[in-house]
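What follows is one structure encoded as structure tokens, with my remarks underneath.
Note: hydrogens, waters and symmetry copies are ignored here, and every other heavy atom, side chains too, is used. Each chain gets a letter, A, B and so on, in the order its sequence line appears, and its residues count up from 1. What you see is a predicted model; the values in this text were computed from it and never measured.
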Amino acid sequence: MTDLFRATGEDVAAAVGTHRPARLARAGPPPDDGCAEVRQAVVGPALVHHCAALLSPAERARAARARPPARDRFTVARGLLRSVLGGRLGLHPARVPLAARCPACGGRDHGPVRLMADGTDWRLSVSHAGLLVAVAVDYAGHPVGVDVETAARTADPRVLEPRLFGPAQRPRLARLPPGERRTALLTAWTGAESYAKASGTPLGAALARIGATVDDDGRVAVARPDALGGWWVRAVPAGAPGHVASVTTRDGTGLRTD
Amino acid sequence: MRHTREGDDGSGTTGRLEALVREKLAERIGDDLAGSIGRGEEFHDLGIDSLDIVTVLAALERECAVDRIVDGELWDVAHSVDALVRHLSEHGAFPERA
């Protein structure tokens with residue numbers, strides 16, 4: 001039984017263009033170096049099929065209520081999360097005890113997902129957009145947030161830029177080629193989203209605090225950890241072309257990525 | 001002051017603002033969903049995510065000459081069609097008058 005999804009460039013093409021599953025790898029026990037980890041997978045028909053068999057009845061019911069693109073992303077995200085956690089716990093992915101609970105209404109059919117295994121205080125975060133899903137796990141019990149986006153969703157960068165970058169940054173953004181400009185915008189956006197998820201800050205406040213800057217080469221940096229109350233926002237390589245990913249952990253937390 | 005509230009019967013400014021909100025929503029999420037959302041339905045409950053909502057709000061602010069809201073108030077004004085219409089009618093001008 002393979003437990004962990006790990007997509008390479010070839011796997012991306014395979015998952016998108018054929019029905020061959022993405023390559024899978026086995027995970028070991030939780031890292032003891034205090035690192036969090038981020039894993040990504042690319043949504044494709046074979047992977048959706050594989051992951052659907054790992055879901056709980058409640059997760060299958062939730063997936064069935066969603067429309068097809070969202071349904072596939074949800075299915076792969078939960079399958080990936082179950083595989084990562086199952087590998088670390090030594091459990092079959094289908095037996096990993098997960099539960100969702102909405103902090104607003106208390107509903108158990110939506111909201112953030114949590115691991116219910118005794119003796120663990122692992123924190124989880126899940127994100128999906130376009131063809132990419134990502135899960136983040138902090139094994140030290142610190143909150144973690146991950147967010148991914150696809151460049152296809154920023155048709156007009158000028159609409160969002162004022163919410164993410166100060167006036168001094170915008171001339172530099174305007175000089176970037178269109179693709180790099182979209183990437184810069186989404187890097188700041190996913191940084192704000194991941195910070196909001198990890199810290200519990202409302203997204204509107206997160207957007208105001210993120211203080212993103214961009215250099216002449218399009219590299220984006222967000223506010224220093226001390227400006228964000230000890231949170232560390234990092235862009236990580238996205239697991240699929242045309243996508244952007246960011247992770248927020250407590251300052252000083254190491255990060256393992258695919 | 002740019003207040004333009006004229007009533008809630010759907011035939012005055014409120015009705016036209018609702019049509020504008022649905023038009024901008026449709027550009028992000030498609031005509032079917034934008035047209036079928038109940039006025040009070042929560043966007044998040046329908047699977048409309050944060051990037052969609054912020055993009056729609058920013059487009060409406062530009063079109064209606066609304067000063068950008070304080071970011072901390074984002075979800076107070078942008079969680080449903082009703083909330084957006086109320087925000088625009090209280091703080092903006094309908095495009096024809098902007």
Exercise for review: Step through the shown structure and confirm whether more than 12 heavy atoms of other residues, nucleotides or ligands are within 6.0 Å of CZ on R60(A).
Suggested key: yes

**Study point:** For D31(B), side chain to side chain donor-acceptor pair (under 3.5 Å) partners two or more places apart
**Key:** none

Point to revise | Which portion of L60(B) sits near chain A, non-hydrogen atoms under 4.5 angstrom | key: neither

**Study point:** Contact class of D52(B) relative to chain A, heavy atoms under 4.5 angstrom
**Key:** both

Review point. Taking only residues two or more places apart in sequence or in another chain, which ones pass side chain to side chain contact (heavy atoms under 4.5 Å, CB included) with A235(A)?
Key: T187(A), S246(A)

Check your understanding: Pick from A59(B), A58(B), S50(B): which one has the most heavy-atom pairs with chain A under 4.5 Å?
Key -> S50(B)

Practice item. Find out whether D49(B) and E193(A) are in side-chain contact, i.e. whether some heavy atom of one side chain is under 4.5 Å from a heavy atom of the other. Key: no

Point to revise | Heavy-atom donor-acceptor pair, R28(B) side chain to R153(A) backbone, under 3.5 Å | key: yes

